[in-house]
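Here's the structure we're looking at; comments come further down.
Residue numbers begin at 1 in each chain, while the letters A, B, ... track the order of the sequences.
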Amino acid sequence: EVQLLESGGGLVEPGGSLRLSCAASGFTFSGSAMSWVRQAPGKGLEWVSAISDNGVYTYDADSVKGRFTISRENSKNTLYLQMNSLRAEDTAVYYCAKQLGLCSRGTCYFDYWGQGTLVTVSS
Amino acid sequence: EIVMTQSPATLSVSPGERATLSCRASQSVGSNLAWYQHKPGQAPRLLIYGASTRATGIPARFSGSGSGTEFTLTISSLQSEDFVVYYCQQYNNWPPVTFGQGTRLEIK
């Protein structure tokens, strides 16, 4: 059974930092491209960042470019999102999602998701 | 960036009836469109990809159609567990992949 378990969310002040983790199991993590997707309160889904299966290629939404960094540790079956210079508008539930395949191959949709971790940016 | 627009924002339908949800893209996305179901507090679930292919384990009452800029998710014979939120997502032009704002399906 595929499982994605996010952790690391919490309350942080504007300008602060937080690192999210996503522990994966039940599939070949090292062979899977991954993404982070978020949902602000009362809003829809917004793609945040993506990473290729080997970690060589990463992509970020303009709204987080230069502030967030996606990475992975295949030996630990874990995906990360380092979030710096946090703003109030980054407040959201952050989901870890497994991509069906590489975006470059036209398979950039999400066949499994975690249940999310809440990040609140407030003073 | 491709903008995805879902309509209506809220759809009221009686259990056992059919629901038709719409999704429009600001430019053609071919058939590179997915639909997700999202229950509060749970992980979103992939329903449809390639505009019309049901994902593994998805009941046959869920069907998708369309191509280019106009897409439809149809749920026939609505069950109680279907009254949640649905999102469409294009993955033709990236980054970024983009989602619609969602349609909430409520019991009439």
The reported gap from CG in B:Leu46 to CG in A:Leu100 (rounded to nearest 0.5 angstrom) is 8.0 Å
Can you tell which part of A:Val93 gets under 4.5 Å to a heavy atom of chain B, answering side chain, backbone, both or neither? neither
Side-chain contact, heavy-atom cut-off 4.5 Å: B:Leu33 with A:Tyr109? no
dist A:Cys108:SG -> B:Asn92:CG (nearest 0.5 Å) comes out at 11.0 Å
Region of A:Tyr95 that comes under 4.5 Å of a non-hydrogen atom in chain B: side chain
Following the transitive rule for hydrophobic clusters with a side-chain heavy-atom cut-off under 4.5 Å over Ile, Leu, Val, Met, Phe, Trp and Tyr, establish whether A:Leu102 and A:Ile51 coincide in one cluster. no
Could you tell me whether B:Arg61 atom CZ has more than 12 heavy atoms of other residues or ligands within 6.0 Å of it? yes
Would A:Met83 and A:Trp36 show up in the same hydrophobic cluster when neighbours are defined by side-chain heavy atoms closer than 4.5 Å? yes
Looking at every non-hydrogen atom in both residues, tell me the closest pair between B:Pro44 and A:Trp113 and how far apart they are. O-CD1, 3.3 Å
For a 4.5 angstrom cut-off between non-hydrogen side-chain atoms, does A:Gln39 reach B:His38? yes
Atom pair OG1 (A:Thr107) and CG (B:Asn32), whose distance is rounded to the nearest 0.5 Å: 9.5 Å
On a heavy-atom basis, which atom in B:Ala43 and which in A:Gly114 lie closest, and how many Å separate them? CB-O, 3.1 Å
Give the cluster check for B:Ile58 versus B:Leu73: same hydrophobic cluster or not, with ILVMFWY residues linked at side-chain heavy-atom distances below 4.5 Å. yes
Please state whether the side chain, the backbone, both or neither of B:Ala34 comes within less than 4.5 Å of a heavy atom of chain A. side chain
How are the rings of A:Tyr59 and B:Trp94 set relative to one another: parallel (under 30°), tilted (30 to 60°) or perpendicular (over 60°)? perpendicular
Is atom CZ of A:Arg67 surrounded by more than 12 heavy atoms (other residues, nucleotides or ligands) closer than 6.0 Å? yes
Mind ranking B:Gln42, B:Gln90, B:Gln89 by heavy-atom pairs under 4.5 Å with chain A and telling me who comes out on top? B:Gln89
hydrophobic_cluster_shared for B:Leu47 and B:Val29, side chain cutoff 4.5 Å: yes
Any A:Gln99 side-chain heavy atom under 4.5 Å of B:Tyr91 side chain: no
Given the rule that I, L, V, M, F, W and Y join up when any side-chain heavy atoms are under 4.5 Å apart, are A:Leu18 and A:Val37 in one cluster? no
